[in-house]
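Right, one structure below, let's go through it.
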Amino acid sequence: MPTDRPKFFLTTAIDYPNSRPHIGTAFEKIGADVQARYRRMQGYDVFFLMGNDENTVKVAKKAAELGQDTQAYCDDMARQFREVWDALDISYDIFIQTSSPRHHECCRKFIQKVYDNGYIRKDKYEGWYCVGCEAFKTEQEIKEAGGVCPNHKTSPIRRSEECYFFEQTKFRERLLKLYKERPELIQPESRRNEIISLVKEGLYDLNITRTGEEWGIRVPWDPKFTIYVWFDALLTYITGIGYGDDEAEFRKWWPCDIHFIGKDITRFHCATWPAMLLAAGVEPPKQVFGHGFVYIKNEETGAAEKISKSLGNVVEPMEIISKFSGEAFRYYFMRECPFPGDGEFSWQRFADVYNSELANNLGNLYSRVVTLISKNFGGTLPGGRKIDPDAILPYYQADLEGNRASPDGSEALALIHPGSTANVIANLKSLVEQCRYNQALQTIWANFLTPANRFAEVTEPWKLVKTNKGNAAEVLKYMLVPLRTVSILLKPFVPRAAETIYRSFNFTKPWEHVQYEDAAAYETQGDDLRILAQLEGGKVKPLFPRIG
RNA sequence: CCCGGGGUGGAGCAGUGGUAGCUCGCCAGGCUCAUAACCUGGAGGUCGCAGGUUCAAAUCCUGCCCCCGGAACCA
């Protein structure tokens, strides 16, 4: 289907399926998903790619340990990963398994191209080899284990063997030029600085093959070698959109708009990956975003620990989802952990944030507004009056200046001036586009939800219905404004709750077509404002039930 | 040793030259429409340390201290 909408192609890192996904992996997927959902809302034609990285020796070993066929093991793990992503409403368009025949084939075409272009040479790799493991060990591994193999506790031997090298050093100057010409390529900026100094000093050719492995992709011109897992893993980003077998589709999506990755693998994505692409005559991606890590707060010591199996602190995403919800999970990590930087998880903090921000603030505002309208007006507010989305902000400002409004509804309404909501939304768009999600959410709460509750406190519609029903109806319509605004702005973050709020009323624009700009452009509605939500005894089901 | 990030009231953070702010927690009061929710007020910080620039520094410069990461199958 042809389209003239701007395209937006984004990817997450692909994961090793040698263990189930943890909350750190989920953090990345959610951050990418917020971006994908935001772009779709804003009219982009979006393609969101994720996947599992299966061509590694570790996966084959793990399958063997379990007595399973490697492929069957990979398929089952892929199912388990997708189960978690689905529970978190990750809206990926394609999920690649690198063990798939199509990936293998496209991969071979790519590496052949790089070989033909003269950027792969045969040479010798020398390093510390453990006979027990039948594998090379890094200096680091040996050093950390005290001079022996960490698995076998035996001394490694010096060994050299033939292999193929990718000559990425040949791209040193071109990479540096690229970083200079396109400062937005590596984000956030701290990562960029890191990579520039790395490429200036530390770039070296990469051994991209292994021998003696059954599981993996064969090197096309020399099939006794398999392709080193990193080289094939990165290729997922292009094989997934048709590189090597669907030229039109590939040209439609490439170059990638954002690769979301963990900050630890920026060097691969910002140096090796663009070099690989250049070597094959393909354009580099537009942006690589290296997000921060989630640490687990040790409830006893208070220290932030790296998520690791050996520390035994791994938290299963499903555990959080079943205790709270997928929406709460998304909110917590986007609100509490600055996406470009590091964040922390603790059950205590999770419960605090959930109760105070989702239940008490957002959820409760929704409940009180719905109940007030249904109990006092039978669920229908008479229409015909224009509602201005700036109703709340100026009140808030007036309040800050010390001009306390009187409890008379009409006087509170007199504080309204137009103009400011649009500014806040412009700022929010920029924050979301820069992936500064925690600041975006904080801005939404501070500018719409808190003022809405204050507005209610000053105008007291529950009293006003007894003395001046006309004014009470107006006040309630104004309270609906921030609720509507927030539902639109939260659509990328908590899609289900946002939809529930929006669809609880007969707002005119269809939910599927709502954009950020609509949050500031509340249309005049001749029709009555009605509650469409299902009620029981005049009340709605709590959006986020408090959890004790 | 080197490189990167960071040190702001009890916790987590924002704040790149002009009276130190947000969320949570804590204390007191108000309200009662609402999910024991909401609103107001309060306590609590010499913005890691020492110098320097400036009319003015959390913010710029210099030196020092401390914490966290850091090269490959780990997001």
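Residue numbers begin at 1 in each chain, while the letters A, B, ... track the order of the sequences.
The shortest heavy-atom contact between S504(A) and Y366(A) is OG-OH, 2.6 Å.
Taking a 6.0 Å sphere around CZ of R172(A), one finds it holds more than 12 heavy atoms contributed by other residues, nucleotides or ligands. The neighbour count for K200(A) NZ, taken as heavy atoms of other residues, nucleotides or ligands under 6.0 Å away, does not exceed 12.
Each of rC33(B), rA72(B), rC74(B) was ranked by its minimum atom distance to the side chain of K58(A); first place goes to rC74(B). Among the nucleotides rA37(B), rA75(B), rC31(B), the one closest to any side-chain atom of W462(A) is rC31(B). For R368(A), counting side-chain heavy atoms from C-beta on, the closest listed nucleotide (rG4(B), rA72(B), rC33(B)) is rC33(B). Looking at the side chain of R267(A), the nearest of the listed nucleotides rA72(B), rA75(B), rC33(B) is rA72(B). Taking every side-chain heavy atom of N453(A) into account, rC38(B) is the closest of rC38(B), rA34(B), rC73(B). Checking rU35(B), rA71(B), rA14(B) against the side-chain heavy atoms of N364(A) singles out rU35(B) as nearest. Taking the side chain of E457(A) as heavy atoms from C-beta on, and the options rC38(B), rU35(B), rA75(B), the nearest nucleotide is rC38(B).
Taking atom P in both rA43(B) and rA56(B), the straight-line distance is 30 Å, to the nearest Å. Taking atom C1' on both nucleotides, rC13(B) is separated from rA37(B) by 25 Å, rounded to a whole Å. rC47(B) and rA11(B) have their P atoms separated by 16 Å, with the value rounded to a whole Å. A distance of about 15 Å separates the C1' atoms of rG48(B) and rC68(B), rounded to the whole Å. For rG7(B) and rU16(B), the P atoms lie 13 Å apart once the distance is rounded to whole Å. Between rA20(B) and rG12(B), the two P atoms lie 23 Å apart (nearest whole Å). Separating the P atom of rC1(B) from that of rG15(B) is a span of 31 Å, rounded to the nearest Å. Straight-line distance between the C1' atoms of rA36(B) and rC74(B): roughly 45 Å, to the nearest whole Å.
Of the side-chain N and O atoms in K463(A), one or more sit less than 4.0 angstrom from OP1 or OP2 of rU32(B). Considering only side-chain N and O atoms, R436(A) lies under 4.0 angstrom from the phosphate OP1 or OP2 of rG15(B). OP1 or OP2 of rA34(B) lies within a sub-4.0 Å distance of a side-chain N or O belonging to K539(A).
Residues satisfying the ring-ring contact (aromatic ring centres under 6.0 Å, His included) test with H103(A), not counting sequence neighbours, are none. Residues forming a salt bridge (charged side-chain N to carboxylate O under 4.0 Å, His left out) with D205(A) (at least two apart in sequence, or on another chain): R121(A). For F329(A), the ring-ring contact (aromatic ring centres under 6.0 Å, His included) partners two or more places apart in sequence, or in a different chain, are F333(A).
For residues 17-36 of chain A, the pairs satisfying ring-ring contact (aromatic ring centres under 6.0 Å, His included) are F27(A)-H291(A), F27(A)-F339(A), with sequence neighbours left out.
E460(A) places its CD atom 15 Å from the P atom of rG30(B), with the value rounded to the nearest Å. The NZ-C1' distance, from K466(A) to rC33(B), rounds to 9 Å in whole Å. Atom CG in L464(A) sits about 13 Å away from atom P in rU32(B), given to the nearest Å. One can place CG of L372(A) at 13 Å from C1' of rC31(B), the figure rounded to the nearest angstrom. Going from atom CG of D264(A) over to atom C1' of rG5(B) covers 15 Å, rounded to whole Å. Between the CG atom of N207(A) and the P atom of rA71(B) there is a distance of 19 Å, given to the nearest Å. When the C1' atom of rC74(B) is taken as reference, atom CG of N52(A) falls 15 Å away, rounded to whole Å. Per the geometry, CG belonging to L449(A) stands 10 Å off P belonging to rC39(B), to the nearest Å.
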Checklist outcome for this item: Parsed dot-bracket for RNA chain B after applying the Watson-Crick and G-U rules with both distances under 3.5 Å and | for other-strand partners is .(((((((.[[[[.)..(..]]]].(((((.......))))).....[[[[[..)....]]]]])))))).....
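Across all strands, N18(A) comes closer than 4.0 Å only to sugar-phosphate atoms, never to a base (heavy-atom distances). Residue contacts shown for A359(A) include a base, since a base heavy atom lies under 4.0 Å away. Within the nucleic acid shown, K375(A) comes within 4.0 Å of sugar-phosphate atoms alone, with no base atom in reach, counting heavy atoms only. Looking at heavy-atom distances under 4.0 Å, D15(A) makes contact with sugar-phosphate atoms alone, never a base. No contact: L365(A) has no heavy atom under 4.0 Å from any strand. At a threshold of 4.0 angstrom between heavy atoms, the contacts of F544(A) include nucleobase atoms, whether or not backbone atoms are also involved.
Take the nearest nucleotide of RNA chain B for S367(A) and for F268(A): the residue whose nucleotide is more 5' is S367(A).
Ring geometry for Y478(A) versus F455(A): interplanar angle of 30 to 60°, hence tilted. Taking the six-membered ring where tryptophan is involved, the planes of Y331(A) and W445(A) are tilted, since the angle between them lies from 30° to 60°.
The pair E474(A)-K477(A) counts as a salt bridge, with a side-chain nitrogen and a carboxylate oxygen less than 4.0 angstrom apart.
Judged by a 6.0 Å distance limit and a 45° cone about the ring axis, K29(A) is not positioned over the six-membered ring of F260(A).
With hydrogens and angles left out, the side-chain atoms of Y437(A) and Q35(A) include a donor and acceptor closer than 3.5 Å.
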Sub-3.5 Å pairs of nitrogen or oxygen atoms, protein against nucleotides 22-26 of chain B:
from, atom 1, to, atom 2, distance (Å)
rC22(B), O2', Q442(A), NE2, 3.3
rU23(B), O2', E357(A), OE2, 3.0

